[in-house]
Amino acid sequence: MRVIRLGVNIDHVATVRNARGGSHPDPLDAALAAVAAGADGITLHLREDRRHIRDDDLARIRAGVAAPINLEMAATAEMLAIARAARPHAACIVPERRAEVTTEGGLDAAGQQEKLAPIVAGLREAGIRVSLFIDPAPEQIAAAVRLGVPVVELHTGAYAEGHPGELERLRAGAALAAASGLEVHAGHGLTYGNVGAVAAIPEVAELNIGHFLMGQAILDGLPAVVRRMRASIDAA
Ligand code: PXP
């Protein structure tokens, strides 16, 4: 049986923590819980504006989690330096600014080849496995091949939003990428309801899922934590 790796993105644990400015809930604890529950890796996005994950989170998760770490990052000199110092297992280059995004939401690798080449080279030199977060479009896959990355992560956002024809585009993109020698990952907007069709694409080796899991963790976890708080109050 083909086993697809599951990367759990813990960014939004940091979103909740940052809403109060303290240290709870700690994304490191969430990463450890996810791995204990069967996640194959932890994904985190250190954004240029540090709106969720912060530099110290990356350092603590890198030091405290034995599973592979996948750092999502913008193609900037600052992020390259951080990645080279942290040495995660993998780095996925994602768009953060409007000019870097295609209409579908993936990285415009085809339009930014000159900018991306030195970032890809710098990551590769540090022994980091590089992927590009792209739309399942032939021109983006061709650009990934030209850039020499080993992995592409296909953007499933348009599929998750229910746009017609997107599942077929993902299937065709995955087949083309694999036939071009690329390992195929996928992610964005995946839920219990829509993950199955993507997981069934034969070339998909890894899925990265975050927001839905964290939202569902709140809903599934709330009864237990309310019961425990009720018991603590009642015991006083
Ligand atoms: N893959 C990449 C490259 C991402 O940037 C993200 C976060 O947007 C995800 C996967 C996970 O998406 P989501 O949080 O919607 O599951």
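Order of appearance sets the numbers: ligands from 1, and atoms from 1 within every ligand. Note that the coordinates shown come from a computational prediction; the quantities given were computed from them, not determined experimentally.
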For Asn208 and Glu72: C-alpha separation, side-chain torsions, deciding distance, then whether side chain to side chain donor-acceptor pair (under 3.5 Å) applies.
CA-CA 11 Å; Asn208 284 297; Glu72 294 175 355; 5.7 Å; no

Ion pair Glu203/Arg171, N-O distance below 4.0 Å
no

Please round to the nearest 0.5 Å and tell me the distance separating atom CG of Leu80 and atom CD of Glu78.
10.5 Å

Looking only at protein heavy atoms, which one is nearest to atom 1 (N) of ligand 1, and what is the separation?
Glu153 OE2, 2.4 Å

By side-chain contact (heavy atoms from CB on, under 4.5 Å) - contacts of Ile4 (at least two apart)
Arg2, Ala199, Val204, Leu207

For atom 2 (C) of ligand 1, which candidate among Met214, Glu206, Glu72, His211 provides the closest heavy atom?
Glu72

Any ion pair linking Arg17 and Asp57 (charged N to carboxylate O, less than 4.0 Å)?
yes

Looking only at protein heavy atoms, which one is nearest to atom 16 (O) of ligand 1, and how far off is it?
Gly210 N, 2.7 Å

Give the atoms of ligand 1, by number and element, whose distance to some non-hydrogen atom of Val94 is under 4.0 Å.
3 (C)

Should one rank Glu96, His12, His188, Arg47 by closest heavy-atom distance to atom 7 (C) of ligand 1, which comes out on top?
His188

His45 to ligand 1, any heavy atom closer than 4.0 Å:
no

At less than 4.0 angstrom from any non-hydrogen atom of Asn208, what atoms of ligand 1 do you find?
10 (C), 11 (C)

Give yes or no for whether the N/O distance cutoff of 3.5 Å, strictly under, is met between Ile209 and ligand 1.
no

Closest protein heavy atom (residue, atom, distance) for atom 15 (O) of ligand 1:
Gly189 N, 2.8 Å

What residues join Val3 in its hydrophobic cluster, counting side-chain heavy atom gaps under 4.5 Å, either direct or through other members?
Met1

With a 4.0 Å cut-off on N to O distance, would you call Arg129 and Glu183 a salt bridge?
yes

